[in-house]
**Student:** 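Here you go, one structure.
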Amino acid sequence: MVAVSEGLLDAVAGFLVERDGADADSAGLVAAVSDAGVDAGAGAEGVAQALITLGIRARDGRDLPRAERLFALAGEVAADAEDAPLWVRARTLLGGLHRIQGRYGEGEEVLRGALAVADGEPGMPLGPLVGVCNQLGILFKYSGKFVEAEVFYRRALLLLEEGDLGEDPAAASLFHNLSGLAHSRGDFAAAVEPGRRAIAVRERALGPDHLEVALDKAALAPVLIELDELEEAEALLTSALAVVEETYGPEHYETGIAVGNLAALAYRRGQYARAQELFRRCLRLKERALGPAHPELAVTLNNLAILARRNGDPDGAGSLWGRALAVLHASVQPGHPLLAAVRRGLDSLAPDVPA
């Protein structure tokens with residue numbers, strides 16, 4: 001992989017600012033960077049890698065439209081340079097971004113195209129192939145294609161193990177994702193072992209205080225809540241939230257995810273007012289990051305609807321379940337468990353009809 005110097009990043013970013021990112025073409029970009037006299041990585045491969053780096057920064061900063069432009073342009077530069085591995089990486093990032101945006105159909109099309117090239121290119125490095133398989137698994141998990149998700153996760157994990165990379169952070173990510181898939185299926189017992197392996201592998205690779213370790217802990221906690229292992233779940237969430245808030249601040253999407261898990265813990269303990277307060281905060285942070293119609297909002301909307309019904313507010317519950325149904329309907333498989341739960345909730349509010 002081409003190293004990206006700060007000089008190269010500055011040159012690429014400067015060109016994009018000058019052109020406002022919208023009408024930048026790959027040939028003009030490479031020529032402009034070359035003219036800027038940047039030595040390290042000034043070729044097309046270096047420019048593509050710089051675009052990827054800037055795109056990841058934009059994505060992590062929740063500037064998703066800019067990230068989309070940067071990943072797409074990186075793919076164009078890599079294609080012009082006939083660098084298949086770099087093209088696969090850029091397209092994988094673009095497909096993953098579409099999933100973050102809730103554009104599941106577009107994401108699948110982009111990722112399947114990247115996989116076809118990765119599978120068909122002789123000598124394709126392990127990293128791009130593992131990356132696209134993992135992203136397809138994530139996409140299918142969110143859309144409710146659970147069998148396909150597991151196939152791609154396990155294929156990626158097998159590739160790592162065959163490459164003697166079973167202790168790599170990428171393997172930890174796959175264990176994390178397999179745990180999340182079991183959780184989504186409602187198989188909580190099966191989610192524990194890969195969740196614990198994710199934490200263990202990542203701690204050995206990165207240290208116990210790393211952000212990714214905190215996210216692994218935050219993901220395992222709701223599984224433990226479902227299994228009534230509440231004390232351990234609370235310890236994991238408390239540790240994770242401290243790291244996430246220190247890294248991102250109190251208003252970030254990842255903070256919202258951890259807050260939502262704390263809400264689930266409060267609900268399980270019968271602390272319904274506290275749970276409602278935390279779920280509302282979670283929803284606000286998710287909406288701020290994802291917009292008001294993203295399918296990922298549905299979990300929190302469903303939880304708030306359950307609380308509203310419990311509190312004797314059927315109208316509020318119906319509104320929340322109706323909104324959850326709307327954001328899920330066009331994005332997930334008809335048999336998705338969350339979609340079924342939302343429909344059951346709405347059905348529970350319907351007045352009884354005398355026989």
**Student:** Go through the steps to decide whether F152 and I138 satisfy the test side-chain contact (heavy atoms from CB on, under 4.5 Å), and finish with yes or no.
**Tutor:** CA-CA 9 Å; F152 280 107; I138 296 171; over 6 Å; no

**Student:** Look only at the side chain of H294 and the backbone of I100, and say whether a donor-acceptor pair between them is shorter than 3.5 Å.
**Tutor:** yes

**Student:** Between the main-chain N or O of A298 and the side-chain N or O of N302, is there a donor-acceptor pair closer than 3.5 Å?
**Tutor:** no

**Student:** Kindly compute the distance separating CG (D313) from CG (L307), expressed to the nearest 0.5 Å.
**Tutor:** 11.0 Å

**Student:** With salt bridge (Lys or Arg N to Asp or Glu O under 4.0 Å) as the test, would you mind laying out the steps for K145 and E108 before giving the verdict?
**Tutor:** CA-CA 12 Å; K145 298 178 180 178; E108 181 176 350; 3.2 Å; yes

**Student:** Assigning hydrophobic clusters by single linkage (Ile, Leu, Val, Met, Phe, Trp, Tyr; side-chain heavy-atom cutoff under 4.5 Å), is V299 placed with Y267?
**Tutor:** yes

**Student:** Report whether L346 and L320 are members of the same hydrophobic cluster (ILVMFWY, side-chain heavy atoms less than 4.5 Å apart, transitive linking).
**Tutor:** yes

**Student:** Is any side-chain heavy atom of P250 closer than 4.5 Å to one of R281?
**Tutor:** yes

**Student:** Can any side-chain N or O of R197 pair as donor or acceptor with the backbone N or O of F175 at less than 3.5 Å?
**Tutor:** no

**Student:** Sort out for me which residue in Q101, H98, R99 forms a side-chain contact (heavy atoms from CB on, under 4.5 Å) with E106.
**Tutor:** H98

**Student:** Apply side-chain contact (heavy atoms from CB on, under 4.5 Å) to residues C282 and K286 and explain how you reach the verdict.
**Tutor:** CA-CA 6 Å; C282 173; K286 282 185 173 181; 3.9 Å; yes

**Student:** When you look at R323 and E287, which way does the salt bridge (Lys or Arg N to Asp or Glu O under 4.0 Å) test go after all the steps?
**Tutor:** CA-CA 13 Å; R323 187 178 165 197; E287 286 176 328; 2.5 Å; yes

**Student:** What I'd like to find out is whether the side chain of R66 reaches to under 4.5 Å of the side chain of L70, using heavy atoms alone.
**Tutor:** yes

**Student:** Nearest 0.5 angstrom please: T247 OG1 to D60 CG, how far?
**Tutor:** 11.5 Å

**Student:** For the pair R155 and E162, find out whether any cationic side-chain nitrogen is under 4.0 Å from an anionic carboxylate oxygen.
**Tutor:** no

**Student:** T300 vs R280, test: side chain to side chain donor-acceptor pair (under 3.5 Å). Steps then yes/no.
**Tutor:** CA-CA 8 Å; T300 312; R280 283 174 174 167; over 6 Å; no

**Student:** Would you mind reporting whether V259 and F279 have side-chain heavy atoms less than 4.5 Å apart?
**Tutor:** no

**Student:** Hydrophobic cluster membership, with links at side-chain heavy-atom distances under 4.5 Å among I/L/V/M/F/W/Y: are L236 and L241 in one?
**Tutor:** no

**Student:** What pair of heavy atoms forms the shortest contact from Y104 to S143, and how long is it?
**Tutor:** CD1-CB, 4.0 Å

**Student:** Just checking E109: does its CD atom have more than 12 heavy atoms from other residues, nucleotides or ligands closer to it than 6.0 angstrom?
**Tutor:** no

**Student:** If I take atom CZ from residue R202 and atom CG from residue L211, how far apart are they, to the nearest 0.5 angstrom?
**Tutor:** 9.5 Å

**Student:** Where is the tightest heavy-atom contact between P85 and P125, given as atom of each residue plus distance?
**Tutor:** CG-CD, 3.6 Å

**Student:** A side-chain contact here means heavy atoms from C-beta on lying under 4.5 Å apart; do R59 and L93 qualify?
**Tutor:** yes

**Student:** For F188 and H183, I'd like to know if the aromatic rings sit close, meaning centre-to-centre distance below 6.0 Å.
**Tutor:** yes

**Student:** Can you confirm whether more than 12 heavy atoms, excluding those of R274, are under 6.0 Å from its CZ atom?
**Tutor:** no

**Student:** Nearest 0.5 angstrom please: L220 CG to L215 CG, how far?
**Tutor:** 13.0 Å

**Student:** Please evaluate residues R196 and S179 with respect to the criterion side-chain contact (heavy atoms from CB on, under 4.5 Å), reporting the C-alpha separation (whole Å), side-chain torsions for both, the decisive distance (0.1 Å), and the verdict.
**Tutor:** CA-CA 9 Å; R196 293 197 190 282; S179 177; over 6 Å; no

**Student:** Report yes or no: do W87 and M124 belong to one cluster of Ile/Leu/Val/Met/Phe/Trp/Tyr joined by side chain heavy-atom distances under 4.5 Å?
**Tutor:** yes

**Student:** Taking all non-hydrogen atoms of both residues, which atom of L139 and which atom of G107 are closest, and how far apart?
**Tutor:** CD2-C, 3.8 Å

**Student:** Take V332 and L338, measure what side-chain contact (heavy atoms from CB on, under 4.5 Å) needs, and give me the verdict at the end.
**Tutor:** CA-CA 9 Å; V332 304; L338 181 57; over 6 Å; no

**Student:** Is it the case that the side chain of D168 and the backbone of A170 share a donor-acceptor pair, with hydrogens and angles ignored and the cut-off at 3.5 Å?
**Tutor:** yes

**Student:** For the residue pair V132 and L111, what are the closest heavy atoms and their distance?
**Tutor:** CG2-O, 3.5 Å

**Student:** Hey, which of R103, Q135, E68 is the one that makes side-chain contact (heavy atoms from CB on, under 4.5 Å) with L97?
**Tutor:** E68

**Student:** Among V77, L86, I56, find the one that has a side-chain contact (heavy atoms from CB on, under 4.5 Å) with L51.
**Tutor:** V77

**Student:** Is R310 close enough and on-axis enough to Y272, meaning under 6.0 Å and within 45°, for cation-pi?
**Tutor:** yes

**Student:** Search all heavy atoms of K217 against all heavy atoms of S239 and return the closest pair with its distance.
**Tutor:** NZ-OG, 3.5 Å

**Student:** Can you tell if the side chain of P208 reaches within under 4.5 Å of the side chain of V213, non-hydrogen atoms only?
**Tutor:** no

**Student:** Indicate yes or no for a side-chain donor-acceptor contact from N261 to the backbone of A218 under 3.5 Å, with no hydrogens or angles considered.
**Tutor:** yes

**Student:** Does CG belonging to D228 count more than 12 external heavy atoms closer than 6.0 Å?
**Tutor:** yes

**Student:** Keeping the roles fixed (side chain from N134, backbone from V130), state whether a donor-acceptor pair exists under 3.5 Å.
**Tutor:** no

**Student:** Considering only heavy atoms from C-beta outward, does the side chain of E76 approach that of L73 to under 4.5 Å?
**Tutor:** yes

**Student:** Do L328 and H336 touch side chain to side chain, with heavy atoms closer than 4.5 Å?
**Tutor:** no

**Student:** Quick one: CD on E82 to CD on E45, what's the gap to the nearest 0.5 Å?
**Tutor:** 10.0 Å

**Student:** Give a yes/no verdict on a cation-pi contact between R62 and Y253, requiring under 6.0 Å between NZ or CZ and the six-membered ring centre and an angle within 45° of the axis.
**Tutor:** yes

**Student:** Would you say Y153 and Y142 are hydrophobically clustered, going by side-chain heavy atoms of ILVMFWY under 4.5 Å?
**Tutor:** yes

**Student:** Does R284 have more than 12 heavy atoms from other residues, nucleotides or ligands lying within 6.0 Å of its CZ?
**Tutor:** yes

**Student:** Looking only at non-hydrogen atoms, find the nearest pair between L224 and A233 and report the distance.
**Tutor:** CB-CB, 4.0 Å

**Student:** Side chains of R309 and S348: does their closest heavy-atom pair fall under 4.5 Å?
**Tutor:** yes

**Student:** Check R269 with E231, please: is the shortest side-chain N to carboxylate O separation under 4.0 Å?
**Tutor:** yes

**Student:** Would you indicate whether E246, at its atom CD, is surrounded by more than 12 heavy atoms from other residues, nucleotides or ligands within a distance under 6.0 Å?
**Tutor:** no

**Student:** Distance from L290 atom CG to L64 atom CG, nearest 0.5 Å?
**Tutor:** 8.0 Å

**Student:** Are any side-chain N or O atoms of S184 and backbone N or O atoms of G180, one a donor and one an acceptor, separated by less than 3.5 Å?
**Tutor:** yes

**Student:** Do R154 and E161 meet the salt-bridge criterion of a basic N to acidic O distance under 4.0 Å?
**Tutor:** no

